[in-house]
Amino acid sequence: MSNLEQLVIALPAYRDAAEKVREMFLANLALIGEIPAPTFGERSRAEMVAERFAAAGLQACVVDRLGNASALLPGIEGSSTLLLAAHADTLPAEDNKPDIEIHQDRVVGPFVGDNALALAALATLPVLLEQLNIRLKSNVVLLAASRSLGRGNLDGLRHFLAESSTPFQSALCLENFQLGRLNYAAMGMLRGEMTCRLPANYDWAQFGSTGTIIPMGDIISRISRIPVPQRPLTTIIMGTVQGGISPGNVARETTLGFEVRSESAAILNQVREQLEDIAKDVTAQSGKQVDMDIYARREPGTLDIGHPLVRQGRAILGGLGLTPAFYPTTSMMSALLDLAVPALTLGLTTGERRNELEEIEEAAAIAPLSAGLAQLVAMVQAMDEGSGSS
Amino acid sequence: MTGWWTPRRTRADAEVVSANINRWLSQLTYHHSQFIDLRGLVAAKERQGLKISLCLPALNEEKTIGKEVVMFRSELMQRIPLLDEIAVIDSGSTDQTREVAAAFGADVYLARDILPEQGENKGKGENLWKAIYQLKGDIIVYIDTDISNIRPHFVYGLVGPLLQSEETLYVKAFYDRPLRTSTGVSATGGGRVTEILVRPLFSLYFPELAALIQPLSGEYAARRTALEQIPFPVGYGVETAHLLDIHQRWGLNALAQTDLGLRIHRNQPTAALGRMSFGILQTFCARLEKYGWIRSQAEFQNILRQFQNHDGVYEQIETLIREVERPPMISLPAYQQKFNRKP
């Protein structure tokens, strides 16, 4: 019987063991997730993650200069090193005392799913491995990465990888939602803002002044007409618009936030040029100043679907009765694939997000977490057997 | 009103009280971080042969009870065996409180099912009193169940002083409550009922007790040997009665208090604070009578009258608040038999 077959047979026992650490997992979730961690302000949460790593018996629990929390689970041999990572930061929120409610069947709270549950999984995994009496040959580094979202641009993970003296044989990126995802391809991504401002010499006395909202409407219209291919998959998301102070005042400044995603680096570059052309053209036609700022970029990358890591992920999810969902992701695995570290992104449970204007309330189901944790244990064992090699 | 009198105190008395308070504050006021060595606490518990029970009195707290049970069970039972028992004593919740607590491993009891021959009263104090019979611990920790930022130190910060000193019988929680003023100065204090009613009353009659920063906080830990000896008001007055009776019987040094940091919970409307104050006053007056400080409270009323304006008409709202008291648990034969205790 192959190692993979043995792992699949062990999955029910892993689920049972995960049930037994449920309270520990949920306590970790509340302790970590109730500390606000907007991008660039993750340090307090990182310190709590490091404390939970230490409580789980890990070694070298530290928070680095950029706010990454990391720890080491030493292997028996230690000849290779695996990386398990989850982003620690969240979008900014109004509430600086987030409250996570633990109900009988679900947990509810701001950013529970993105990504506090994944951090709780990292902090609970060592206890679960110990209860299952699993000793890994490889060293495992657990990382709660700072500065991932928005302008963070994966800086925390990139910094950690650059500073690390040890090459990683393979890596897993954890996201809470949705259990069953098996991302082996990273979408390329450009994230930025287009800002339209009134020029310094603007004539405020002129009746019928349009301000910056109308030119921004033109910009949005033009962007929506940029042709994007279905293959390679490409999409343009215009996610935010901000501008003006009241209905009766001319808006001095309007900003559009957008994200371009593509499986092709060439198409990303092409769309970027088109966006720059739109900015220049609207500047010339409207007399307003339009500037574009691309503040985050990720390169596309992928493993082969036949890569051992992907095969084992499929077998493990199948063993749990789950149909793997393959789709390219914009998660942090992009930074790992950039460095040729084989990586997958996995989900832990099912859930939903309710997005209010100033707050993101998320609900995550508790019952599927045992399968999510069992999947994690089995994947780490598979990686320990050397599936990182291509 | 007749029968009230204030004992005459001299300047020298006041100086003695101040000195006692200062000594108590310096010796028996703690911060939870002083007890962070949980393995040391467990060793002290085992050395002294003690069991520790956590009581969570509840009524319709389905949103917060899950996190409390999960937090204490994970951190203070599974990781570190400081607690021997976690029990929810429920007043008859109509939401999912009991189901949620049981799902995460708490022992769940309906208050009316405990000592059924003693009948049933409504109020948190009833649950606390019945917990003495139902729970096994030599130390019982009481934690309210409406706290949204619950942390393990809420328990170990209260248990620590009891494991540290056998003379300490009862440990009360207090919290950071910064009060902002127009000058930007902040100070630590109690809630509105504490600062407007209880601390002035303590200062008037039992000035040493004024040193308790938050005498009405719902979190405290105590030795069974003390809890079984004191009566329990079933309503608003239970916390005040505990402090008065323990102070009266064993003195200030039987009490300690611990700073538990920040506590986030629901805010009570002013009318509810009025009802609470009325109940506390009844308990306080009953104690003054019991200690012989006033002659009789027979003439006191137990209907609180509050008023609200409806379209220019003032409507009187009458609320009957009668502070029923349960006797010391040690006086019940069923308790004596179960715990092999003698009154």
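Heavy atoms only: backbone and side chains are in, while hydrogens, waters and symmetry mates are out. Everything numeric here is computed off the predicted structure, so don't read it as measured data. Just so we're on the same page: letters track the sequence lines, and every chain starts at 1.
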* **Pair B:Glu126-B:Lys130, salt bridge (charged side-chain N to carboxylate O under 4.0 Å, His left out): steps then yes or no** => CA-CA 6 Å; B:Glu126 176 87 348; B:Lys130 288 191 169 178; 3.4 Å; yes
* With sequence neighbours excluded, residues passing side chain to side chain donor-acceptor pair (under 3.5 Å) with B:Lys124 -> B:Asp144, B:Glu239
* To do: Below 4.5 Å from any heavy atom of chain B, which atoms of A:Val21 appear? Answer side chain, backbone, both or neither.
  => neither
* Within the distance-only criterion (no hydrogens, no angle test), does the side chain of B:Arg199 pair as donor or acceptor with the backbone N or O of B:Leu212 below 3.5 angstrom? -> yes
* Main-chain N/O of B:His31 paired to B:Gln34 side chain as donor or acceptor, under 3.5 Å -> yes
* Would you check if B:Pro215 and B:Phe174 make a side-chain contact, meaning some heavy-atom pair closer than 4.5 Å? => no
* To do: Decide yes or no for B:Val171 and B:Gln257: does some side-chain heavy atom of the first lie under 4.5 Å from some side-chain heavy atom of the second?
  => no
For chain B against chain A, print all donor and acceptor atom pairs separated by less than 3.5 Å.
residue: B:Lys67; atom: NZ; partner: A:Glu34; partner atom: OE2; Å: 2.3
residue: B:Lys67; atom: NZ; partner: A:Asp99; partner atom: OD1; Å: 2.7
residue: B:Lys67; atom: NZ; partner: A:Ile100; partner atom: O; Å: 2.8
residue: B:Glu75; atom: OE1; partner: A:Arg52; partner atom: NH1; Å: 3.3
residue: B:Glu75; atom: OE1; partner: A:Arg52; partner atom: NH2; Å: 2.5
residue: B:Glu75; atom: OE2; partner: A:Arg52; partner atom: NH2; Å: 2.8
residue: B:Arg79; atom: NH1; partner: A:Ala55; partner atom: O; Å: 3.4
residue: B:Ala103; atom: O; partner: A:Arg22; partner atom: NH2; Å: 2.6
residue: B:Arg151; atom: NH1; partner: A:Glu34; partner atom: OE1; Å: 3.1
residue: B:Arg151; atom: NH2; partner: A:Glu34; partner atom: OE1; Å: 2.9

